[in-house]
Amino acid sequence: MQLLSLVGLALLATTASAAIPDWQQCGGTSWTGETQCSSTAGCVKVNDYYSQCQPGAASPDPQPEPQPQDPEASAVLPGTPTSTGTPAGTGPGTELQSGYYWVRAVAAPNFHKYVQSKPLYATGPAVLGDYTTAGQFQVVSGQLVQLVSGPGVKPEKLLYGVVSETRSINNNSLAISWSETQNTYGTFAWGGDDLQWSHPSINRPNKSAWYVCTGQLMYINLGNYLYQTPSGCADQTIHYYNDKKANN
Ligand SMILES: *[C@@H]1O[C@H](CO)[C@@H](O)[C@H](O)[C@H]1NC(C)=O
Ligand SMILES: *[C@@H]1O[C@H](CO)[C@@H](O)[C@H](O)[C@H]1NC(C)=O
């Protein structure tokens, strides 16, 4: 019966409010915006932090998030922290630790914005943010590794950059998040000082191409650099930098 009423409400919502455009965000941890895709698209979970309206996809998700009409779920105020981000460390500090790099964009609109996790030093999406909270990274055996323990703490606490196998924005990008388990999809590498990602089954025109989109979320851009840039996103390449301090 509950399912039937959910379907009824979904139909009402479809006819009552303006739908989210295809390829835009419709859900995820701490998402407080609209959740209704168009009648020809479904809200597809890309990772815990990001769901997206994808044309032709079935909706709702096979494992739906708690619906807003559920009384227990609506008791949680928008923006209330949830338990998805297990704190993994206190951070390596503002001095570069041996063997690690700062990683940053060097072009507008993200000039000297630095790779980090959100929330800081915890599992969550990869973002470009302020130099004062810059993360520290290295590439080891194809893994993008973030140091999240304090200076000199042994053993080091690490998080791994994990690439979503589900395509997101414009069906041409892959979301990145931080995880305590290693990435199993593709390989990170330095190309010169560019952070690159590749997978044998994907023929990327430019392995250094990234998008930084709404919320400063980072995506691998599977298409060409500066070509058909999705709205809400900027083309960026991402570079290591090894001065003692991250600068602005
Ligand atoms: C997204 O792109 C992949 C790979 O090119 C393709 O197989 C898939 O059908 C596309 N999905 C949509 C919804 O366009
Ligand atoms: C990728 O794009 C960047 C930015 O335009 C450019 O500097 C770089 O040379 C490109 N790499 C390739 C392999 O085309």
Side-chain angles (χ1 to χ4, degrees), residues 10 14 19-28 34-47 49-64 101-115 126-128 137 139 142 144 161-177 183-214 216-242:
T14 308
I20 300 168
D22 292 347
W23 306 115
Q24 301 296 309
Q25 187 167 9
C26 55
E34 296 289 328
T35 55
Q36 186 61 55
C37 301
S38 75
S39 57
T40 56
C43 187
V44 174
K45 177 174 170 176
V46 174
N47 57 40
Y49 315 97
Y50 186 87
S51 299
Q52 177 190 61
C53 295
Q54 295 189 1
S59 192
D61 289 355
Q63 296 170 316
Y101 295 105
W102 314 111
V103 184
R104 66 185 188 180
V106 295
N110 291 295
F111 181 79
H112 288 189
K113 292 280 188 271
Y114 287 74
V115 179
V127 298
L128 281 192
F137 306 89
V139 172
L144 177 61
V162 168
V163 180
S164 171
E165 294 191 40
T166 307
R167 288 171 178 238
S168 36
I169 302 170
N170 284 9
N171 198 32
N172 213 18
S173 53
L174 302 175
I176 312 284
S177 56
N183 182 42
T184 56
Y185 188 50
T187 304
F188 289 95
W190 298 117
D193 66 353
D194 290 7
L195 182 59
Q196 302 187 330
W197 176 88
S198 60
H199 188 280
S201 74
I202 300 181
N203 188 12
R204 297 183 65 197
N206 187 329
K207 287 181 189 152
S208 305
W210 293 77
Y211 289 135
V212 178
C213 303
T214 308
Q216 292 298 105
L217 298 178
M218 294 175 61
Y219 298 84
I220 290 163
N221 169 11
L222 299 175
N224 286 292
Y225 193 84
L226 277 185
Y227 179 70
Q228 295 184 338
T229 308
S231 81
C233 298
D235 291 270
Q236 303 285 170
T237 54
I238 313 278
H239 306 262
Y240 75 68
Y241 171 69
N242 63 358

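Positions are given from 1, in the same order as the sequence printed here. Order of appearance sets the numbers: ligands from 1, and atoms from 1 within every ligand.
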Inset, instruction - May I ask you to decide if H199's main-chain N or O and R204's side chain share a donor-acceptor pair within less than 3.5 Å? - result: no
Inset, instruction - Assess the side chains of T229 and D235: does a donor N or O sit below 3.5 Å from an acceptor N or O? - result: yes
Inset, instruction - Evaluate the side-chain proximity of Q52 to I169: yes if any heavy-atom separation is below 4.5 Å, no if none is. - result: yes
Name each N or O atom in ligand 1 that is under 3.5 Å from a protein N or O, and give the partner atom and the distance.
residue: ligand 1; atom: 2 (O); partner: N171; partner atom: ND2; Å: 2.3
residue: ligand 1; atom: 11 (N); partner: N171; partner atom: ND2; Å: 3.0
residue: ligand 1; atom: 14 (O); partner: N171; partner atom: ND2; Å: 3.3

Inset, instruction - Over 60° means perpendicular and under 30° means parallel, so classify the ring planes of Y185 and W197, tilted if in between. - result: tilted
Legend entry - Contacting atoms of ligand 2, where contact means under 4.0 angstrom from a heavy atom of Y225: 2 (O), 4 (C), 5 (O)
Inset, instruction - Find out if the SG atoms belonging to C43 and C37 lie under 2.5 Å from one another. - result: no
Legend entry - Pair E34-Q36, side-chain donor/acceptor within less than 3.5 Å: no
